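Note sheet for the following structure.
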Amino acid sequence: MADEKQMSIEVKPEVAKGSYSNLAIITHSHSEFIIDFASMLPGLPKPEVNNRIIMTPEHAKRLFLALQDNISKYENSNGPISLGEPKATYPMGGFGGGAKS
């Protein structure tokens with residue numbers, strides 16, 4: 001995006017290691033988007049939410065555009081990302097949703 005500014009950020013070691021997610025549940029209201037990141041693993045009775053991100057609609061759209069741009073760059077370098085067959089009954093194979101809260 002042309003209007004982006006460079007900024008310096010600090011990532012603490014405990015945050016830098018990240019956490020694994022293979023499921024995202026997205027809900028929204030008029031004023032916010034809520035994204036729950038979860039792990040659905042064999043042997044566990046149900047997915048466990050690891051992180052919840054709450055953002056304004058404007059920031060959610062900026063995230064969408066940034067992901068779209070980065071996926072395009074990734075596919076240009078590495079080839080298309082195959083979605084394969086959905087393995088669960090969640091919308092878009094686990095990532096997506098659009099349910100309204």
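Just so you know, these numbers come straight off a predicted model, no measurement behind them.
- In terms of the side-chain contact (heavy atoms from CB on, under 4.5 Å) criterion, residue partners of Leu67 (sequence neighbours excluded) are, by chain and number, Leu63.
- Between Pro57 and His30, the shortest heavy-atom distance links the atoms CG-O, 3.8 Å.
- Listed by chain and number, the residues in a side-chain contact (heavy atoms from CB on, under 4.5 Å) with Ser72 are Asn76 (sequence neighbours excluded).
- Both Leu44 and Tyr20 are part of a single hydrophobic cluster, where members link through side-chain heavy atoms under 4.5 Å apart.
- Cluster annotation: Leu23 and Leu41 are assigned to distinct hydrophobic clusters (Ile/Leu/Val/Met/Phe/Trp/Tyr, side-chain heavy-atom contacts under 4.5 Å, transitive).
- For the atom pair CD1 of Ile53 and CD1 of Ile35, the computed distance is 7.5 Å after rounding to the nearest 0.5 Å.
- Note: Ser21 OG to Asn51 CG = 8.0 Å, rounded to the nearest 0.5 Å.
- Under the rule for a side-chain contact (heavy atoms from CB on, under 4.5 Å), the partners of Glu48 that lie at least two apart in sequence or sit in another chain are Asn50.
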(request) Quick one: do Phe33 and Ile54 satisfy side-chain contact (heavy atoms from CB on, under 4.5 Å)? Show the steps, please. (result) CA-CA 6 Å; Phe33 276 72; Ile54 303 168; over 6 Å; no

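- Lys73 is linked by a salt bridge (Lys or Arg N to Asp or Glu O under 4.0 Å) to Asp69, counting only residues two or more places apart in sequence or in another chain.
- Nearest heavy-atom pair, Glu14 versus Lys17, reported as atom, atom and distance to 0.1 Å: O-CG, 3.4 Å.
- Looking only at atom types and distance, the side chain of Asn22 has no donor-acceptor partner in the side chain of Ser39 under 3.5 Å away.
- Residue pairs meeting the salt bridge (Lys or Arg N to Asp or Glu O under 4.0 Å) criterion with at least one member in residues 49-60, sequence neighbours excluded, are Asp36-Arg52.
- By the 4.5 Å heavy-atom criterion applied to side chains, Ile71 and Glu75 are counted as neighbours.
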(message) Show, in sequence, the C-alpha distance, side-chain angles and deciding distance for Ile81 and Tyr74, and conclude whether the side-chain contact (heavy atoms from CB on, under 4.5 Å) test is met.
(response) CA-CA 9 Å; Ile81 299 169; Tyr74 176 93; 3.7 Å; yes

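- The side-chain contact (heavy atoms from CB on, under 4.5 Å) search around Phe64 returns Gln68, not counting sequence neighbours.
- When each of Ile26, Thr27, Ile25 is paired with Ile34, the side chain to side chain contact (heavy atoms under 4.5 Å, CB included) condition holds for Thr27 and for no other.
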